[in-house]
There are 2 protein chains.
Amino acid sequence: MYLRGVKELSLTRSEEDHIKAIHTLTRRDGRAATNAISERLSTKASSVTDMLKKLAEKRLLKHEPYYGAKLTLKGEAVALQLVRRHRLWETFLVDRLGFGWDEVHEVAEQMEHVASEKLVDKLEAYLGHPHFDPHGDPIPDKHGRIRQRKTKSLDSCGPGESVRIVAVSETTDGLLRLLDSKGLRIGTTLVVQEVHAFDGSMDVKPKSGSAFSLSKDVSDHLQVEPS
Amino acid sequence: MYLRGVKELSLTRSEEDHIKAIHTLTRRDGRAATNAISERLSTKASSVTDMLKKLAEKRLLKHEPYYGAKLTLKGEAVALQLVRRHRLWETFLVDRLGFGWDEVHEVAEQMEHVASEKLVDKLEAYLGHPHFDPHGDPIPDKHGRIRQRKTKSLDSCGPGESVRIVAVSETTDGLLRLLDSKGLRIGTTLVVQEVHAFDGSMDVKPKSGSAFSLSKDVSDHLQVEPS
DNA sequence: CACAATTATTAGACAAGGCTAAAAATATGT
DNA sequence: ACATATTTTTAGCCTTGTCTAATAATTGTG
């Protein structure tokens, strides 16, 4: 995946927001439906249709009417650039400025639109070329390459397994605050105690501290690796 | 000067740009003429007239047709907030990321529009509550207060005077690069050798290094204090 | 002081990006 | 399979911020 040939491109904030939404939805659902995009951006579906037409003309995506949008290589490169900027700024906000990991999203959302390749590269170097952001998500490098981790959902673990939390998917503020209140964060190690079949909830015990219960909604979104 | 009562206010980028331009021009020329504003923003005078009308309705400035614009207290507070953000980001870019002081303006111009009071306050603390930016310009504090320095223009100095450069006014990229190439920067100490009456140029000698000549255009924009 | 030059405003157009309401295409349930 | 529900698109309108061209006010000059 190359980020080259994207420099001369100058996109509006709205165009960038659409591209990033499509990228995220495609990663999550396998496709990006018009309604899903509009919901993510708090706009109406008709506005999204217009924008899809426009971005298709700019060769940033393919738009199959009534099916959805698929980013071209060029569009994917733009999206990765945005993800890169977003996650680097989140890292800066948490590691350097002392923000909580649950309060950085909105600010990073603004900072990711500051367009300066030099800025992003220098920021990355200043932060020590991190490969993962404070939520555990991978930070694409200058060329769009992503370091993969072989993780699974906590949900899929059985009793006795000892795992370390490495990422939180679907990072809504509500979920992040809930985790914070239970003392769960990136790096926390847990042992699964018991899984309750009827509602999918599970009892877990942190290395230090006493056991408690997590609903399936929560364990679903915790990405873990063996520990 | 209070920055309170400005929080609930949400301005577009263009509105903010106009307010800042008016603030800067008023500081420099004593007034902000329509043409001067449009030149600064690379737009046309008619566009500025429209915007002045709009901002006057929002009580951010007084617009006397055919005279110009004058910021209200509320408008001044917004402007100071923007100046604060701009200079803090410039300081970050130079001191932390290692940018040259002549390449930060454009990027800071984008970053100053990121709206988060918490971000700005934390950034200020991270930088050690600086009172002056890399160009020597004062950074307004949270409440809009500016630390003044009793400086004069190098232009106004006579032979034998020993002075330290503390600021550069009218910071165009061209001027900044010229200074850089002569080894002149904030903190440099000089002794005035001779002033030539016919063109206002002056010979100066840095503490370390040999003497050279500066045109009036340059010495005009160097702010110095006795050393 | 009168008239030219400059500066500012008004009037009307346009592109971007959003909206609502209605129509068209696709998906679903019995 | 056919009627209904859902999703997407189209059509037309609105606001913001810009422009050009024409007009009006102010300033400068012989």
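Predicted model, so just to flag it, every value in this text is computed and none were measured. Below, read A as the first sequence line, B as the second, and so on, with proteins coming before strands; counting in each chain starts at 1.
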Measure [atom1]/[X] against [atom2]/[N] and give the value in whole Å, please.
| X | N | atom1 | atom2 | result |
| --- | --- | --- | --- | --- |
| Glu16(B) | dG17(D) | CD | P | 11 Å |
| Asp50(B) | dA11(C) | CG | P | 11 Å |
| Asp17(A) | dG18(C) | CG | P | 9 Å |
| Met51(B) | dT9(C) | CE | C1' | 16 Å |
| Tyr66(A) | dT7(D) | OH | C1' | 8 Å |
| Glu64(A) | dT26(C) | CD | P | 12 Å |
| Lys58(A) | dA15(C) | NZ | C1' | 12 Å |
| Ile37(A) | dT7(D) | CD1 | P | 14 Å |

Return yes if a side-chain donor-acceptor contact under 3.5 Å exists between Asp17(A) and His113(A), otherwise no. yes
Produce a footprint string for nucleotides 1-6 of chain D: one letter per nucleotide, 5' end first; B if the base is under 4.0 Å from any protein heavy atom, S if only the sugar-phosphate is, - if neither. ------
For the pair [X] and [Y], find out whether any cationic side-chain nitrogen is under 4.0 Å from an anionic carboxylate oxygen.
| X | Y | answer |
| --- | --- | --- |
| Lys216(B) | Asp199(B) | no |
| Arg185(A) | Asp102(A) | no |
| Lys142(B) | Glu124(B) | no |

Looking only at side-chain atoms of [X], point me to the closest of [options].
| X | options | result |
| --- | --- | --- |
| Ala45(B) | dT18(D), dA25(C), dT9(C) | dT9(C) |
| Thr34(B) | dT9(C), dT7(D), dT16(D) | dT9(C) |
| Lys54(B) | dT7(C), dT9(D), dT16(D) | dT16(D) |

Would one find a side-chain N or O of [X] under 4.0 angstrom from OP1 or OP2 of [N]?
| X | N | value |
| --- | --- | --- |
| His63(B) | dT9(C) | yes |
| His18(B) | dG17(D) | no |
| Ser14(B) | dT16(D) | no |
| Asn35(A) | dT8(D) | yes |
| Lys53(A) | dT9(D) | no |

Does any non-hydrogen side-chain atom of Ile139(A) lie less than 4.5 Å from one of His129(A)? no
Hey, does Leu154(A) have a side-chain heavy atom less than 4.5 Å from the side chain of Leu214(A)? yes
Exactly one of Asp141(A), Asp137(A), Asp121(A), Asp133(A) clears salt bridge (charged side-chain N to carboxylate O under 4.0 Å, His left out) with Arg84(A), and that residue is Asp121(A)
Using a 4.0 Å heavy-atom cut-off across all strands, classify Thr49(A) as base, sugar-phosphate, or nothing. base
Any protein N or O atoms within reach of nucleotides 20-22 of chain D? Criterion: under 3.5 Å, listing atom names and distances.
residue: dT20(D); atom: O4; partner: Ser46(B); partner atom: OG; Å: 2.9

Aromatic plane relationship, Tyr126(A) with Phe92(B) - under 30° parallel, 30 to 60° tilted, over 60° perpendicular: perpendicular
Among pairs that include at least one residue of residues 37-59 of chain B, which meet side-chain hydrogen bond (donor to acceptor under 3.5 Å, both in side chains), considering only residues two or more places apart or in two chains? Glu15(B)-Lys54(B), Glu15(B)-Lys58(B)
Evaluation steps, salt bridge (Lys or Arg N to Asp or Glu O under 4.0 Å), between Glu109(B) and Lys20(B): CA-CA 11 Å; Glu109(B) 204 72 19; Lys20(B) 205 179 131 197; 3.7 Å; yes
